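Please read all numbers here as calculations on a predicted model, not as lab measurements.
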There are 2 protein chains.
Amino acid sequence: MDDSLLSVDDAADSPLADLEHDRSRLGRSSTAERVADILRDRVTEGFFEPGQRLSEEAIADALGVSRNTLREAFRLLGHEGLLDHRLNRGVFVRILSAEDVADLYRVRRVIEGAAVRRRPSGQELAVIREAVADAERAAADDDWRGVGTANIRFHQALVTLNQSPRLDEAMRQLLAELRLVFHVMKNPRAFHEPFVTRNRKLLELLEADRPDEAAAFLDAYLDDAEQLLVRAYEPNR
Amino acid sequence: MDDSLLSVDDAADSPLADLEHDRSRLGRSSTAERVADILRDRVTEGFFEPGQRLSEEAIADALGVSRNTLREAFRLLGHEGLLDHRLNRGVFVRILSAEDVADLYRVRRVIEGAAVRRRPSGQELAVIREAVADAERAAADDDWRGVGTANIRFHQALVTLNQSPRLDEAMRQLLAELRLVFHVMKNPRAFHEPFVTRNRKLLELLEADRPDEAAAFLDAYLDDAEQLLVRAYEPNR
DNA sequence: AACATAAGGATCGTTGAACAATTCGACAAG
DNA sequence: CTTGTCGAATTGTTCAACGATCCTTATGTT
């Protein structure tokens with residue numbers, strides 16, 4: 001209907017087929033969205049700390065956009081759970097309570113649990129395998145930050161087994177929220193190392209087509225991760 | 001750190017502790033949020049039809065708010081999946097594809113499926129029972145619109161078994177999206193009637209504490225609902 | 001007649017300024 | 001030590017303006 005490339009698309013698998021993948025990038029973004037991208041990075045990377053207030057004037061000034069545009073970006077991130085918008089008081093980097101962390105892991109158990117009960121395709125398994133291998137490589141290099149990002153890719157790949165774009169998106173946001181908490185871990189190695197081998201084990205259970213065992217294994221996995229996180233988190237409230 | 005009520009909080013459970021619950025009500029809403037509420041109602045009730053363009057100027061004028069404020073409201077609803085924001089073209093009431101409907105039901109199977117596998121408390125069961133009874137009453141009165149809303153309450157009550165605020169919120173949004181599609185059902189009775197007795201049956205399985213049967217029953221339930229919806233939906237694309 | 005191109009109008013995207021509403025801290029009074 | 005009051009700072013909202021983009025229609029070319 002508005003598919004301007006349709007005529008070339010059905011002309012068999014031409015070399016142009018690859019271009020299809022880049023089409024998502026093609027949809028240019030508004031200034032507000034680009035501003036939101038910048039702020040999202042800053043928040044998840046820890047540049048802005050939880051609880052910190054984000055001044056409209058200061059940031060609008062620093063980024064060279066108007067207050068109105070910045071406010072639109074704030075709304076976007078507020079809906080993603082990264083910012084906390086308090087009426088007449090401004091926006092703050094979200095502070096997650098221990099209860100929030102527990103809830104995030106409840107959601108993970110539901111979404112990831114459903115995922116590992118499905119029969120993965122060969123291609124899906126390949127992506128998961130790649131993430132596991134990346135984590136192992138990073139661990140061998142003592143690159144614990146790299147282990148963390150590979151780990152996140154691993155879990156995101158798990159969720160794709162659900163074959164649901166909405167669940168993929170939900171997981172994306174969930175992990176962004178979790179990253180708000182990860183920064184409290186002063187010792188990333190202690191947090192990430194135990195899970196490298198468990199990723200591998202979970203992958204093997206999937207490859208062996210034993211969904212029930214995989215689900216049980218994942219539950220224990222998430223229980224431990226949650227506890228590790230909450231214990232490092234509770235003290236400083 | 002910034003908890004101004006801390007001094008009274010740890011002073012034992014004073015009568016003031018009850019006030020804490022009302023704190024959520026205290027956060028009044030901004031104009032943008034109230035505008036979003038209005039538009040959300042209009043969209044889900046079908047006043048604005050899918051595909052219809054919502055003119056910034058016209059609506060801002062009609063509601064007596066500025067374009068900037070309206071745009072903030074649009075952002076909110078866009079993130080909820082009710083509006084489709086196309087750069088430089090405006091916002092449109094979202095048109096869900098058959099693939100979207102399939103995805104929504106995939107998510108329902110995951111979230112509601114996890115819910116019915118849990119052991120409900122007496123209080124949770126009471127809420128579910130109430131929704132079932134409401135649907136039956138409305139059906140007896142030939143009030144098929146009423147059956148629809150009671151049905152929605154039923155499924156929302158199911159999801160609360162997960163004890164997860166985030167899953168509750170996800171379900172809320174999911175059902176709002178689904179309501180965009182429900183309007184294509186010209187015969188609400190044919191769509192809602194079959195599920196009244198199935199709601200009752202599912203409730204009984206929960207009361208009898210047979211989670212696996214409940215889950216299986218729900219899967220079939222959702223399969224049928226999805227098919228009914230897609231069949232009425234596919235033709236007019 | 002089919003197609004490409006150009007012009008025009010409508011609408012969105014963004015800005016900057018302005019003012020009202022609200023919060024918060026400081027300071028004075030009880 | 002609590003309560004009331006004031007004022008600075010910040011947010012909430014409006015408004016007008018202008019450039020950018022899209023859609024339609026008209027125009028011209030092959």
It should be established whether [X] places a side-chain nitrogen or oxygen under 4.0 Å from OP1 or OP2 of nucleotide [N].
X: A:Arg89; N: C:dC24; value: yes
X: B:His85; N: C:dC12; value: no
X: A:Arg53; N: D:dT11; value: yes
X: B:Ser66; N: D:dC15; value: no

B:Arg189 (side chain) donor-acceptor with B:Trp144 (main chain) under 3.5 angstrom = no
ask   = Counting only N and O atoms by type, is there a donor-acceptor contact under 3.5 Å from the side chain of A:Arg67 to the main-chain atoms of A:Glu56?
value = no
Just how far, in rounded Å, is [atom2] of [N] from [atom1] of [X]?
X: A:Asp61; N: D:dT10; atom1: CG; atom2: C1'; answer: 15 Å
X: B:Arg67; N: D:dA17; atom1: CZ; atom2: P; answer: 13 Å
X: B:Arg86; N: C:dT11; atom1: CZ; atom2: C1'; answer: 14 Å
X: A:Gln52; N: D:dT10; atom1: CD; atom2: C1'; answer: 16 Å
X: B:Phe92; N: C:dT11; atom1: CZ; atom2: C1'; answer: 10 Å
X: B:Glu56; N: D:dT21; atom1: CD; atom2: P; answer: 16 Å
X: A:Glu33; N: C:dG13; atom1: CD; atom2: P; answer: 9 Å
X: B:Glu57; N: C:dG13; atom1: CD; atom2: C1'; answer: 14 Å

Out of D:dT11, D:dT21, C:dC12, whichever nucleotide has its closest atom nearest the side chain of B:Asn88 = D:dT21
message = Between B:Tyr221 and B:His155 (judged by ring centroids, cut-off 6.0 Å), do the two rings come close enough to count as a pair?
response = yes
Note, B:Arg108 side chain near B:Leu178 side chain (heavy atom, < 4.5 Å) = yes
query = Among residues 68-80 of chain A, which residues get a heavy atom nearer than 4.0 Å to DNA chain D?
reply = A:Asn68, A:Arg71
request  = Quick one: do B:Gln173 and B:Glu169 satisfy side-chain hydrogen bond (donor to acceptor under 3.5 Å, both in side chains)? Show the steps, please.
outcome  = CA-CA 6 Å; B:Gln173 285 195 22; B:Glu169 171 62 17; 3.3 Å; yes
query = Are A:Arg109 and A:Glu112 ion-paired here, with the side-chain N under 4.0 Å from a carboxylate O?
reply = no
query = B:Arg34 and B:Asp37: salt bridge (Lys or Arg N to Asp or Glu O under 4.0 Å), yes or no, with the steps?
reply = CA-CA 5 Å; B:Arg34 268 169 289 152; B:Asp37 288 340; over 6 Å; no
